[in-house]
Amino acid sequence: MIGDATGYKYDPATLTIKQGDGIRWTVVSTPPHNVSFWPDSIPSGAAAALQGNMSGTMGQLIGPLLMNAGETYTMSFAGVPPGTYKYFCTPHLAMGMKGTITVQ
Ligand SMILES: [Cu+2]
């Protein structure tokens with residue numbers, strides 16, 4: 001999770017993982033950042049399991065705001081169907097801070 005002269009982004013923005021893997025995001029610069037999934041951009045039937053794997057949510061599929069550099073957010077992709085999961089940073093969506101996770 002980066003915000004610098006090149007913009008706001010997840011690096012890498014695209015990840016391919018296996019069902020059951022976990023991902024840990026780390027704030028590098030210019031927080032707050034978070035991880036939020038669009039309910040209509042995840043595989044059908046995935047929402048409940050995905051939500052259950054997210055800690056500290058502020059709402060449906062909306063991860064907590066990470067306020068400090070070095071803070072991390074970890075979530076499991078256990079029990080979610082394979083497919084494409086598009087996500088974004090709530091504070092920086094307008095700046096194009098988006099990512100894609102493919103679960104195999
Ligand atoms: Cu952000």
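Both counts, for ligands and for their atoms, begin at 1 and track the order of listing. Numbers here are sequence positions counted from 1. Bear in mind the structure is a predicted one, so any value in this text is a computation, not a measurement.
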Query raised in the report: What distance do Glu71 atom CD and Asn34 atom CG have between them, rounded to the nearest 0.5 Å?
Result: 11.5 Å
Requested in this report: Determine yes or no for a side-chain-to-main-chain donor-acceptor pair under 3.5 angstrom, with Ser29 supplying the side chain and Ile2 the backbone.
Outcome: no
Query - For the Cu ion (ligand 1): the N/O/S atom of His33 at shortest distance - result: ND1
Query raised in the report: Vertex the Cu ion (ligand 1): angle to ND1 of His92 and SG of Cys89, to 10°?
Result: 110°
Query raised in the report: Should the pair Tyr85 and Phe37 be assigned to parallel (<30°), tilted (30 to 60°) or perpendicular (>60°) ring geometry?
Result: perpendicular
Query raised in the report: Counting backbone and side-chain atoms alike, does Met97 have an N/O/S atom under 2.8 Å from the Cu ion (ligand 1)?
Result: yes
Report task. Scan Tyr8, Tyr10, Tyr87 and name whichever one has a ring pair (Phe, Tyr, Trp, His ring centres under 6.0 Å) with His92. Result -> Tyr8
